[in-house]
Amino acid sequence: MGKAIPSSGSGAIRIILKNKNDFHFDLREKNEEDGRISYLYDVFYENCTGTLNMVESEGKIIIAALNLSLGKVITLQNDANLKKLCSYVLEGR
């Protein structure tokens, strides 16, 4: 059982990356337009659920947002580790 994410949501990505076995995700939607692929995942981790939205272009994540049920939205602008989480999800591990 992994470490729970604090109610403030601080350090959420780092906690999830350290406890990947407790992080689960299901692809809900995938769309492709003009060479960009957008993904919408339902995500589940210990004490919260949420959605992960991302856009990939030429193999790079250009837009990403993790919206957690704790009321926290994490984007590439406020957490650089989100790219690592997106890569992990896209690899399907």
Side-chain angles (χ1 to χ4, degrees):
M1 197 165 172
K3 179 180 176 184
I5 296 172
S7 60
S8 67
S10 68
I13 300 293
R14 188 171 47 250
I15 292 169
I16 291 169
L17 288 172
K18 287 183 178 180
N19 300 284
K20 291 178 187 174
N21 291 336
D22 298 312
F23 179 67
H24 305 283
F25 48 90
D26 294 317
L27 181 63
R28 184 191 313 171
E29 190 175 311
K30 177 180 176 182
N31 296 307
E32 186 170 354
E33 185 177 319
D34 297 329
R36 292 181 173 188
I37 304 171
S38 63
Y39 302 90
L40 174 60
Y41 285 89
D42 290 320
V43 296
F44 312 92
Y45 178 81
E46 291 299 317
N47 62 324
C48 63
T49 61
T51 57
L52 174 62
N53 298 285
M54 65 179 117
V55 176
E56 179 183 38
S57 179
E58 298 177 9
K60 296 179 184 175
I61 305 299
I62 57 172
I63 300 170
L66 176 63
N67 186 353
L68 297 174
S69 60
L70 302 170
K72 178 81 171 174
V73 177
I74 301 166
T75 66
L76 293 175
Q77 287 70 36
N78 61 23
D79 194 330
N81 287 322
L82 185 54
K83 274 192 180 184
K84 292 178 187 176
L85 182 64
C86 291
S87 295
Y88 172 77
V89 169
L90 289 176
E91 290 171 3
R93 294 186 185 172

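The model shown is predicted, which means the values in this text are computed figures rather than measured ones. Side-chain atoms are counted along with the backbone in the values below, which use heavy atoms only and exclude waters and symmetry mates.
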To the nearest 0.5 Å, how far apart are [atom1] in [X] and [atom2] in [Y]?
X	Y	atom1	atom2	value
Lys84	Asp79	NZ	CG	9.5 Å
Ile62	Lys83	CD1	NZ	9.5 Å
Glu46	Asp22	CD	CG	4.5 Å
Ile63	Leu82	CD1	CG	12.0 Å
Leu40	Asp26	CG	CG	11.0 Å

Pairwise side-chain contact, [X] with [Y], heavy-atom cut-off 4.5 Å (strictly under):
X	Y	value
Tyr45	Leu68	no
Ile74	Leu85	no
Leu17	Phe23	no

Query raised in the report: What is the minimum heavy-atom distance between Leu70 and Pro6, and which atoms define it?
Result: CD1-O, 3.5 Å

Report summary line: When every non-hydrogen atom of Ile15 is compared with those of Ala4, the smallest separation belongs to CD1-O, 4.1 Å

Query - Contact list for residues 27-38, test side-chain hydrogen bond (donor to acceptor under 3.5 Å, both in side chains), sequence neighbours left out - result: Arg28-Asp42, Glu29-Asn31

Report task. Using the rule that two of Ile, Leu, Val, Met, Phe, Trp, Tyr join whenever any of their side-chain heavy atoms come within less than 4.5 Å, decide whether Leu90 and Ile37 are in one cluster. Result -> yes

Would you list the atom pairs, donor with acceptor, under 3.5 Å between side chains in residues 47-58 and any protein atom, with sequence neighbours excluded?
from, atom 1, to, atom 2, distance (Å)
Asn47, OD1, Ile5, N, 3.1
Asn47, ND2, Ile5, O, 2.8
Glu56, OE1, Tyr39, OH, 3.1

Query raised in the report: Which is it for Ile16 and Val43 under the side chain to side chain contact (heavy atoms under 4.5 Å, CB included) test, yes or no, and what are the steps along the way?
Result: CA-CA 11 Å; Ile16 291 169; Val43 296; over 6 Å; no

Requested in this report: Take the angle between the ring planes of Tyr41 and Phe25 and call it parallel below 30°, perpendicular above 60°, tilted in between.
Outcome: perpendicular

